[in-house]
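Input: a single structure, listed below in C-alpha cells.
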Amino acid sequence: MTPIPPTRRGACPAFLAPMETGDGLILRLVPADGRLSPAQLRGLADAARRLGNGMMEVTARGSLQVRGLTQESVPLLQDAVVALGITPRLGLAVDVSPLGGMDPTEIADGHKLAAAIIAGAQPLAGKLGPKVSVVVEGGGAVSLAGQKADVRLVAAWPGHWALTIGHGPARVLSEGDAVAEALAALASIAALGRAARATDLPGCGGRARVAEAAPPLGRIPLADGTLAFGFGLPFGAGDAAQFEALADAAEATGARDLRPAPERTLLATGLSPAGVDVFAARIAALGCITAANDPRAAIAACAGAPACASAHIPARALAPVLAQAFAPLLDGTVSLHLSACTKGCAHPAPATLAFVGMDGGAALVHDGPASGAARPVRLAADLPAAVASLAATLAARRNPGETTRALLARLDLAGLWAGTARTDGPEKTT
C-alpha cells in the first residue's frame, strides 16, 4: 500500500493518508468491524514498536493511532495490519456504537442503517472531503453525542430515526426515508466539492449544538449475559508495552475482544462476573482510568510539543498537573481541555474550560472550543504554576454546595486568568 499524505492543513490522519507532524507520520486505524482480539492488539503494539516510536493513542472518536512512522515504515505497518487479520475502515466515516447489537438498553442497533449508508455512498467515493462523517446512534450505554457529524441519525423509537444535517433541525423519519435523506445530503455535500461540509448546505448552518458525552467507564451488562468493561489510558495514550499488557490482561481474564470507543476509551467485552473483577484490578495496576470520578477522565489533552509540529505547549505532559490542580473542582459538571494549539484535535467540541497554547502564551476559553481562543496571556511563571494558581483561586471563590459549572458562570474568568497567569501565586481573596 502507498500512503497518500494530506495536502490540506487540518486534514485528519487516516489509514491510507498518514499525517506528518513533529514526531513523524501518524497513521489512524479504525477496524471495520470495530473490534480487535487480544492477539491482534498485541501484534499491533509490536508493529508500533518496530516501525514507529512505540506510541499509540485512542482518539476522542474511538480510533487508534500509531505515531512516529516514516515514509518507509508506513507501508510496512499497513501490511502488518492486514497480516494480523485486521480490516481497516476505508472511505466514508460512519460511526456506530461499539456495543451495537449487544447492548440491551439500546433503542436500535445502528449497524444495518450504517451499512445501507456506506453502500449507498459508494458512488460518492473521492468526491467527499476526508473529514465528512456520519454518526448513527442507537442509544444505550455508549453515547456518541460528543462526536461532531455532518449527518447524524439518532434512534427515536424502533424503526424511526431523528435525522440532523449539519446544524439544521432534527426530523424524525422512518428508517428507509432516513437512509434516503442521509444519502441525498451526502450527495449535495459532494456536489459542492471536497472542501464542503454539511454546514455549507442551505438551512444547515448556524450555531453548533454544545454536546458533552460521559466516557463509558466500568461495568456494562451485555445482552448475552456477559459483561463489558470500559476503561481509558491516561489522556488516551500509551506506549507499546502498555498496550501489550492490556492485551495480556484481556486474554488472561477471558475477554472476547477489545473495542475502541468514544472519549478515548476501550471496551473489553465478553467478560464473566468473576473475570471482570480480575480484569479491572489488572488494568488499574497499569494506571488505566476505570471510574468516572478519576480526575483524568474529565480532561482531554493532545500530544502537544514536541510530538506535534503545531504545538506551542507540551499538553499531554502537563495534563497530570491540570488533573491534580483541578481535582477538588471536578464534580461532574465540567470538562477540561488542554490544547497545544487552536486546532483542538483532542476535543473538537466545546469544553467547559479549555487552556490553549498560542504564540506568546496561553489563552483560556470558557464553554467553547479551542478554536475560539482569542488573545493569549503571557505567563509570568510556567503554565503548571499558572493553572494551579487559577484552580486555587476558583476553589477559594466557590460557595458551599455550589457546582463548579455554576461557579464558573458567575465569574469573570478572562480577568481571573489574566490576573493569576501574570502573577506567581493565587489571587488574594478577602
Side-chain angles (χ1 to χ4, degrees), residues 1-3 12-19 21 23-59 61-91 93 98-99 102 226 228-262 264-271 275 278-280 282-283 285-288 303 307:
M1 297 182 182
T2 302
C12 294
F15 188 73
L16 294 180
M19 185 176 76
T21 187
D23 60 353
L25 289 159
I26 304 173
L27 182 143
R28 182 171 292 175
L29 168 66
V30 181
D33 61 2
R35 70 195 74 176
L36 295 171
S37 70
Q40 287 173 327
L41 181 60
R42 188 182 298 110
L44 182 62
D46 177 65
R49 179 192 293 109
R50 290 185 292 105
L51 303 171
N53 62 12
M55 289 302 299
M56 295 172 60
E57 299 167 327
V58 184
T59 72
R61 295 186 74 94
S63 305
L64 290 172
Q65 291 187 165
V66 177
R67 301 189 69 98
L69 299 165
T70 65
Q71 291 288 350
E72 294 73 27
S73 66
V74 163
L76 299 177
L77 181 66
Q78 292 167 331
D79 290 342
V81 167
V82 174
L84 287 166
I86 304 169
T87 301
R89 182 179 75 187
L90 304 176
L99 296 182
M102 304 170 64
T226 64
F229 192 86
F231 64 97
L233 285 156
F235 317 110
D239 60 22
Q242 288 172 294
F243 278 89
E244 287 171 333
L246 293 177
D248 292 343
E251 192 169 68
T253 53
R256 184 167 46 232
D257 53 47
L258 290 146
R259 305 183 178 210
R264 300 169 297 279
T265 60
L266 292 162
L267 295 164
T269 74
L271 291 161
V278 178
F279 179 77
R282 288 189 62 161
I283 63 170
L286 295 172
C288 291

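Residues: numbered from 1 along the sequence shown. All heavy atoms count here, side chains included; hydrogens, waters and symmetry mates do not.
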Stepwise, does the side-chain contact (heavy atoms from CB on, under 4.5 Å) test hold for T226 with R256? CA-CA 10 Å; T226 64; R256 184 167 46 232; 4.0 Å; yes
Are any non-hydrogen side-chain atoms of L27 and V81 less than 4.5 angstrom apart? no
Calculate, to the nearest 0.5 Å, the distance between atoms CZ and CE belonging to R67 and M56 respectively. 12.5 Å
Do R61 and R28 have side chains that approach each other closer than 4.5 Å (heavy atoms only, starting at C-beta)? no
Interatomic distance, CG@L41 vs CG@D46, rounded to 0.5 Å, equals 11.5 Å
Can you tell if the side chain of V278 reaches within under 4.5 Å of the side chain of R282, non-hydrogen atoms only? yes
Before giving the answer on side-chain contact (heavy atoms from CB on, under 4.5 Å), spell out for C288 and L266 the whole-Å C-alpha distance, their side-chain angles and the decisive distance to 0.1 Å. CA-CA 10 Å; C288 291; L266 292 162; over 6 Å; no
Could you check whether any side-chain N or O of E57 sits under 3.5 Å from a backbone N or O of G236, counting only pairs where one atom can act as donor and the other as acceptor? no
Just wondering, do F15 and Q78 contact through their side chains at under 4.5 Å, heavy atoms? yes
Check against side-chain contact (heavy atoms from CB on, under 4.5 Å), L99 and T269: CA-CA 9 Å; L99 296 182; T269 74; 4.0 Å; yes
Can you tell which of L44, L258, L36, T87 makes a side-chain contact (heavy atoms from CB on, under 4.5 Å) with P31? L36
Quick check: do I26 and P18 have side-chain heavy atoms less than 4.5 Å from each other? no
